[in-house]
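Structure, as structure tokens:
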Amino acid sequence: MILLQSHSRFLHQTLLNRLHNLEKGVELDYHWVEFDDIRYHVQVSMKNPHLLLLSLSLPTPPPETDFPGGLPSGAIEAVKAAYAGVVQILDPPRDGFNLTLKLNFLKFPPDEERRQALLVKIASVREIVLGAPLRALLKHLTSKTISSGMDRLVALVHRPNESFFVIPQMEKVIVVFPMRFKDSIDTVLATSFLQEFVQARRTAGLNNAPPCLWSSSPPLELKKAPAEALSANAGFVSFVIFPRHVEGKKLDRTVSSLSTFHAYVSYHVKCSEGFMHTRMRRRVESLIQALDRAKPDVEKSKNLANNRSFKRLSLKEAHANSHS
């Protein structure tokens with residue numbers, strides 16, 4: 001199975017091209033939308049080619065989530081910590097966007113390896129912004145503390161008008177995803193995929209991975225969740241995160257995997273659907289070829305019949321042939 005990259009490849013390539021062509025006064029004005037309804041806008045003026053404006057529009061949050069000021073809780077602090085000294089947050093952001101960042105390429109580190117790492121981190125702005133509340137909750141797990149005033153059930157946005165739930169506890173954090181799909185075929189494939197996904201977790205080589213459960217009905221941890229947030233036609237997937245899963249550099253990998261889990265499932269569902277379509281087309285083609293080979297060649301049969309000649313045998317020749 002393929003793990004999706006958390007950064008935007010188009011944004012990364014755009015930043016890389018701009019960094020390598022700072023001396024060229026080229027004006028840029030790009031708009032694009034990526035999975036989960038994340039909308040980007042990149043703008044560079046010829047007057048200041050070393051400055052780049054990056055605007056981000058997030059999915060519409062459902063009512064049960066905490067979205068102060070149009071951003072997830074802790075998003076501003078996470079952006080400042082990730083891009084200190086290089087990125088400036090514009091307040092207010094551009095019209096129609098939740099966040100606008102001003103990048104100064106002249107402040108990038110001179111070391112090429114550090115530059116590349118910073119470009120990947122900037123291209124991962126979606127994960128840093130949307131994953132900020134989840135990262136804060138998992139950080140408390142490493143110290144085995146629960147912040148004051150924290151709700152027992154936290155809803156986090158990850159898709160338009162859809163949320164997943166985090167239940168922080170002293171020794172563990174439970175993350176529950178209600179899985180929804182619009183297409184009926186996708187729903188069937190996703191349900192089968194998730195059941196196999198849970199079974200694969202029980203193999204010996206994955207003993208250190210977070211425990212994973214699937215159920216067709218909401219788990220007991222979601223008994224306080226609003227009913228409209230529990231409409232899942234592909235069931236519910238629960239992960240149990242322990243302190244060993246967020247130690248050191250594991251924290252970034254865990255946040256990335258959880259933030260892109262629905263996209264990860266959707267990707268494999270679409271790949272499975274495409275694979276089955278390919279197999280069916282090949283099977284149909286082989287059946288058509290077999291039918292074509294089974295058809296009699298009418299023209300050839302007519303030619304054989306027309307070319308036949310008969311020789312009248314005498315009684316003596318017929319008698320000789322019967323004894324031979």
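Proximity of the aromatic rings of W214 and F197 is defined here by a centroid distance below 6.0 angstrom, and this criterion is not met. Between F193 and H268, the ring center distance clears the sub-6.0 Å criterion. Proximity of the aromatic rings of F108 and F105 is defined here by a centroid distance below 6.0 angstrom, and this criterion is met.
Applying the side chain to side chain donor-acceptor pair (under 3.5 Å) test to residues at least two apart or on different chains, the pairs with a partner in residues 50-65 are S55-T100, E64-S163. Annotation: side chain to side chain donor-acceptor pair (under 3.5 Å) contacts involving residues 73-91, sequence neighbours excluded, are absent.
Scored by the side chain to side chain donor-acceptor pair (under 3.5 Å) test, S266 finds H262 as partners (sequence neighbours excluded). Not counting sequence neighbours, the partners of R135 by the side chain to side chain donor-acceptor pair (under 3.5 Å) test are D252. When the side chain to side chain donor-acceptor pair (under 3.5 Å) test is applied to E247, no partner is found at least two apart in sequence or on another chain.
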Side-chain atoms of residues 221-242: list all donor-acceptor pairs with protein atoms under 3.5 Å, sequence neighbours left out, distances to 0.1 Å.
residue, atom, partner, partner atom, Å
N233, OD1, F181, N, 3.1
N233, ND2, F181, O, 2.7

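Connection of F10 to L53 is not established within any shared hydrophobic cluster, with ILVMFWY side chains joined at heavy-atom distances below 4.5 Å, either directly or through further cluster members. Grouping the Ile, Leu, Val, Met, Phe, Trp and Tyr side chains by contacts below 4.5 angstrom, directly or via other members, places F67 with L71. Linking ILVMFWY side-chain heavy atoms closer than 4.5 Å, directly or via other members, places M276 and V269 in a single hydrophobic cluster. Hydrophobic cluster membership differs between L56 and V120, with clusters built from Ile, Leu, Val, Met, Phe, Trp and Tyr side chains linked at under 4.5 angstrom. Linking Ile, Leu, Val, Met, Phe, Trp and Tyr residues whenever their side-chain heavy atoms come within less than 4.5 Å places L118 and L16 in a single cluster.
In the model, E34 has a side-chain atom that pairs as donor or acceptor with a side-chain atom of S8 under 3.5 Å. A donor-acceptor pair shorter than 3.5 Å cannot be found between the side chains of E285 and Q289. The closest side-chain donor-acceptor pair between H41 and D29 falls under 3.5 angstrom. Using a 3.5 Å distance cut-off with no hydrogens or angles, the side chains of H12 and H7 do not pair a donor with an acceptor.
The distance from atom CG of L52 to atom OG1 of T14, rounded to the nearest 0.5 Å, is 8.5 Å. Taken from NZ in K139 to CG in L134, the straight-line distance is 11.5 Å, to the nearest 0.5 Å. To the nearest 0.5 angstrom, T260 atom OG1 is 11.5 Å from L130 atom CG. Between the NE2 atom in H277 and the CZ atom in R281 there is a gap of 7.5 Å [rounded to 0.5 Å].
For R244, the CZ atom sits in a packed shell: over 12 heavy atoms of surrounding residues, nucleotides or ligands are nearer than 6.0 Å. By the neighbour-count criterion of 12 heavy atoms within 6.0 Å, atom CG of L287 is densely surrounded, having more than that number from other residues, nucleotides or ligands.
V125 has its side chain within reach of L101: a pair of non-hydrogen atoms, C-beta onward, lies under 4.5 Å apart.
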